Each structure stands twice: as structure tokens, then as C-alpha cells.
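In this text the structure is predicted, and so the values were computed from the model without any measurement. Counting starts at 1 for both ligands and their atoms, following the listed order.
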Amino acid sequence: MNSSKDTFEVTPWGVSGVVDYEKLIKEFGTQPLTDDLIKKIELLVGEVHFMIRRKVFFSHRDLDLALSDYENGIGFFLYTGRGPSGPMHLGHIVPFYFTKWLQDKFNANLYIQVTDDEKFLEEKRNLSWEEVRKWTNENILDIAAVGFNPDKTFIFTDTEYMWKIYPIAIKVARKINFSLAKAVFGFDLQTNIGMIFYPAIQIVPTLFEKKRCLIPAAIDQDPYWRIQRDIAEDLGYYKTSAMHSKFIPPLTGFQGKMSSSKPETAIYLSDDAKTIRTKVYKYAFSGGRATIEEHRKYGGDPSVDVSFQWLYMFLEEDDKKVKRIEEDYRNGKLLTGELKDILIEKLVTFLEKHKERREKAKEIVNLYKYEGKLAKEMWSDLKTQALT
Ligand code: TYM
């Protein structure tokens with residue numbers, strides 16, 4: 001793994017090095033989220049999610065156009081997804097909670113793609129089909145726990161819904177040649193042909209409605225949207241909009257991203273209070289000083305402290321509280337152990353609530369998959385305009 005700021009890499013299948021987000025905006029050709037846009041959101045819906053305010057969502061494509069469409073009464077729809085390769089960790093669920101806020105505020109339809117095909121095809125994972133099926137069902141429960149509007153949300157798995165996806169996917173696929181896919185995704189002659197076709201599948205939900213699509217996700221998924229925007233208008237659709245978040249850093253420090261396959265870097269949604277405590281005490285990278293005396297004298301560095309960053313990025317909504325924690329840590333009043341305790345308490349509460357909602361979601365998950373208003377429409381022939 002790379003360590004210098006100049007040598008990081010972000011792809012849909014992995015992140016290495018310490019990500020320089022400013023540089024990424026230039027590299028990917030996206031736009032920074034500006035204060036004017038933030039003000040516009042506040043004007044339209046009366047408030048701004050703290051992850052926007054703090055620029056955890058730091059970059060976008062055509063968000064201004066999606067907001068204008070909303071302002072003009074046309075509206076937009078939301079699309080996001082999950083690759084079911086294992087248990088979900090905190091980083092995976094954050095975009096979904098954020099998406100719920102967008103859905104509530106903008107009253108938008110939401111499509112959630114669960115890419116069982118992608119995770120089976122990704123050879124480095126070497127997952128059996130049974131494993132992928134298991135994680136698909138488990139992950140869908142975690143997603144359903146977030147509490148989306150059951151009449152406006154459709155959660156689908158690719159292999160199950162493929163009969164509707166495929167006719168659109170071939171139209172997309174015919175517009176993407178191997179040379180482009182190779183350049184964008186780094187495919188080579190050893191890549192299996194399923195993976196080479198897969199990008200067409202992830203693009204399809206951006207074409208589910210003849211409105212602008214807005215995709216909230218971490219920036220790793222942007223390569224798909226870049227291609228979508230090259231071909232959508234030719235196919236008679238809108239170029240998609242997107243909002244990109246930074247990665248919630250691994251517990252162990254800012255190298256790469258939280259990874260399900262490295263338990264020390266992640267808190268899983270299924271972790272209990274004891275496990276959380278042990279992991280945070282043992283692994284959470286600290287910006288504190290070597291001794292208490294030095295810490296009291298010189299203070300800690302919240303900008304590299306993972307406990308502080310997790311609170312700032314997604315756990316502590318209250319701006320005043322987060323500011324106080326930051327100041328107290330910087331001037332040595334708050335010790336590393338005390339900061340970790342604040343984090344642990346927040347994590348335990350967040351996950352306890354999530355688990356309760358997950359239990360309840362078992363009873364209503366079919367609304368999202370088959371029985372809610374939007375799901376029913378998607379399974380019926382009502383929404384076949386995309387296919388014609
Ligand atoms: P997956 O399962 O790798 O990730 C699910 C979502 O979590 C985001 N994410 C993170 N966000 C913050 N901090 C992190 N450390 C972190 N790690 C992952 C991802 O950006 C994603 O939003 N191919 C996709 C599935 C997919 C999809 C989509 C995702 C299909 N269609 C549309 C987003 C939007 C995947 O494997 O995601």
C-alpha cells in the first residue's frame with residue numbers, strides 16, 4: 001500500500017494510500033461542493049445535513065441542475081447501491097442514512113441496487129454463489145433498517161431483476177467499447193468477461209426514469225457516472241447528477257478505506273458493545289501525545305485522530321459539541337482515552353438503535369422489494385418506458 005500523499009489510488013474496487021481529495025476532484029473532473037450550493041439546498045428544503053455542511057460530501061456532478069429541476073417542480077430521483085461481499089461496516093451504511101435524509105427532504109423516489117452479480121464476478125474475493133446470496137439477504141436487512149419511505153423505495157438484486165435490467169443494459173453496453181472500459185476501470189486481458197460487461201449493469205438504474213438521477217455515494221463509484229454522462233443523452237436520457245463523499249477512514253489511520261476483510265480497520269454493524277470498546281481502545285489511531293504530561297502541555301491533533309474524525313464526519317451532529325471536543329483535544333484538556341470513550345458511547349448508541357430497526361425491518365422488507373407502491377410499479381409493466 002502506498003503511503004505518500006502523491007501516490008494514492010481510488011477505484012470502484014479499492015482505495016490505497018492517503019487520499020488527496022482536492023487532487024481527486026481534478027483527476028476525476030468533478031466539481032467541488034460550493035458554499036453557494038449549500039445555501040441553495042438550505043433555501044429549498046429549510047436545512048442542510050451536517051455531512052453537507054462539513055463537506056464530508058465534498059464534490060458533485062450537476063447537483064445544481066438537480067436542484068433546479070426540484071425548484072421547477074420537475075423533481076429528480078435518487079439511486080444508490082451496495083455490493084454484497086460480506087458484512088456491512090459503518091462506512092457502507094453512512095451513504096444510506098444520508099440518502100434517507102435526501103429522500104425525506106426532496107420527497108424523491110429511490111432505487112437501491114444490490115449487485116450480487118458484481119460480487120460473484122469479482123475474482124479476488126473468490127466468493128461462492130451461496131455466500132453472495134447470504135450476504136445479499138443480510139445486507140438488504142441493514143439497508144431496510146435505515147427507514148426509507150416504503151412507497152417510494154425499490155430495493156432490488158441484479159440477478160433477480162435482470163429481466164428488466166438487461167434490455168436497457170445492452171443499449172448501454174453497445175455504447176462502451178473495451179478501450180474505454182479498460183482505461184476507466186483498469187481491465188486487462190485476464191479480466192473475466194462478466195466483469196467487463198458489469199459497468200453497463202451499474203449504469204442502468206440511472207435510466208429508470210426520464211428525470212434527472214441524483215446519486216449519493218462515496219467518490220469511489222464515480223467512474224461509472226463519468227461513462228454514464230458520456231452516453232445518456234444519446235440514449236434519450238439525462239446525464240446523471242452525483243454527490244460524492246469522502247471515505248470514513250479506517251480505524252487504524254488514514255491509509256486506504258475501511259475494509260470488511262480487515263476487521264481491525266472497521267466496525268461492523270453487527271459488532272456488540274464489548275467488541276466496539278476493544279477495537280476502539282486497541283486500534284483507533286490517535287492524534288494524542290506520547291505521555292499525558294506532553295498531551296496536557298502541547299495538546300493533540302484532531303485532524304489525524306480517527307476517533308475525532310469519525311465523530312466529525314458522521315456521528316456527532318451537534319456543531320457546538322463537535323467544536324468543543326475539537327478545541328479541548330487540541331489544547332490538551334481532553335485526553336486520548338477520554339476522546340475514545342466519547343466515540344465508543346456514540347458508536348454503541350448508534351448501533352444499538354440500528355440493530356433494533358434491523359429486527360423490525362424483517363417484517364417490512366418485502367415492501368421495499370415487492371409490495372410497496374414503487375416496488376409494485378417496477379415489477380409490473382407500468383414503468384416500461386425505459387425499455388421501449
Ligand atoms: P460498496 O458495497 O463497495 O459500497 C456501498 C456504498 O458505501 C460507500 N462506501 C463508503 N462510504 C464512506 N466511507 C467508506 N469507507 C466507504 N466504503 C464504501 C460506497 O461508495 C457505496 O456508496 N458497486 C457498488 C454497488 C453499487 C452502487 C450503486 C453504489 C451499485 N450501484 C450506486 C453506489 C451507487 C459497491 O460495490 O458498493
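- At a heavy-atom distance under 4.0 Å, atoms from both the backbone and the side chain of H92 approach ligand 1.
- Within the 4.0 Å heavy-atom criterion, both parts of I248, backbone and side chain, lie near ligand 1.
- Between R133 and D116 there is a salt bridge, since a side-chain N of the basic residue sits under 4.0 Å from a carboxylate O of the acidic one.
- Listed by number with element, the atoms of ligand 1 under 4.0 Å from a non-hydrogen atom of T80 are 28 (C), 32 (C), 33 (C), 34 (C).
- A salt bridge is absent between D230 and K175: the closest approach of a Lys/Arg side-chain nitrogen to an acidic carboxylate oxygen does not fall below 4.0 angstrom.
- If you number the atoms of ligand 1 from 1 as listed, the ones under 4.0 Å from a heavy atom of T115 come out as 25 (C), 30 (C).
- Using a non-hydrogen distance threshold of 4.0 Å, P12 does not register as a contact of ligand 1.
- With hydrogens left out, the protein atom closest to atom 8 (C) of ligand 1 is P95 CG, 3.7 Å, a heavy atom.
- Using a 4.0 Å heavy-atom cutoff, W225 is listed among the residues neighbouring ligand 1.
- Under 4.0 Å is where a charged nitrogen must lie from a carboxylate oxygen, and between R289 and D301 no such pair does.
- Distances shorter than 4.0 angstrom do not occur between any heavy atom of M88 and any atom of ligand 1.
- For the pair E71 and K40, the salt-bridge criterion is met [side-chain N within less than 4.0 Å of a carboxylate O].
- Classification of the F187-W13 ring pair by plane angle, with boundaries at 30° and 60°, yields tilted.
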Y111 and F208: CA distance, side-chain angles, deciding distance, ring-ring contact (aromatic ring centres under 6.0 Å, His included) verdict: CA-CA 9 Å; Y111 301 89; F208 273 172; 5.2 Å; yes
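- Using a cutoff of 4.0 Å between basic side-chain nitrogens and carboxylate oxygens, R82 and D142 are not scored as salt-bridged.
- K105 has a carboxylate O that lies under 4.0 Å from a charged side-chain N of E47, or vice versa, which qualifies the two as a salt bridge.
- The N/O atoms of Y224, backbone and side chain alike, include none that comes under 3.5 Å of an N/O atom in ligand 1.
- The closest protein non-hydrogen atom to atom 37 (O) of ligand 1 is G83 N, 3.7 Å.
- Looking at atom 24 (C) of ligand 1, its nearest protein heavy atom turns out to be Q221 OE1, 3.3 Å.
- Contacts of R54 classified as side chain to side chain donor-acceptor pair (under 3.5 Å), with partners at least two apart in sequence or in another chain: D319.
- Within ligand 1, the atoms closer than 4.0 Å to a non-hydrogen atom of K119 are 36 (O), numbered from 1 in the order shown.
- Between P216 and ligand 1, a contact under 3.5 Å exists for no N or O pair.
- Proximity to A217 (heavy-atom distance under 4.0 Å) selects the following atoms of ligand 1: 22 (O), 33 (C).
- R357 meets the side chain to side chain donor-acceptor pair (under 3.5 Å) test with Y97; sequence neighbours excluded.
- A cation-pi arrangement is not found for K211 relative to Y238, the charged atom failing to lie both closer than 6.0 Å to the ring centre and inside a 45° cone about the ring normal.
- One finds no salt bridge joining K355 and E352 here, because no Lys/Arg side-chain nitrogen approaches an Asp/Glu carboxylate oxygen to under 4.0 Å.
- Each of the atoms 19 (C), 20 (O) of ligand 1 lies under 4.0 Å from some heavy atom of D220.
- The nearest non-hydrogen atom to atom 10 (C) of ligand 1, considering only G91, C213, G86, comes from G91.
- With a 4.0 Å heavy-atom cut-off, ligand 1 is reached by the side chain of I215 but not by its N, CA, C or O.
- Checked by distance only, ligand 1 and Y79 come closer than 3.5 Å through their nitrogen or oxygen atoms.
- At under 3.5 Å, a nitrogen or oxygen of R82, whether backbone or side chain, sits near a nitrogen or oxygen of ligand 1.
- Near Q202, with a cut-off below 4.0 Å to any heavy atom, the atoms of ligand 1 are 23 (N), 24 (C), 26 (C), 27 (C), 28 (C), 30 (C), 31 (N).
- Each of the atoms 30 (C), 31 (N) of ligand 1 lies under 4.0 Å from some heavy atom of Q113.
- With atom 5 (C) of ligand 1 as the reference point, the heavy atom nearest to it among S245, S259, G81, A266 is part of G81.
- E138 has a carboxylate O that lies under 4.0 Å from a charged side-chain N of R358, or vice versa, which qualifies the two as a salt bridge.
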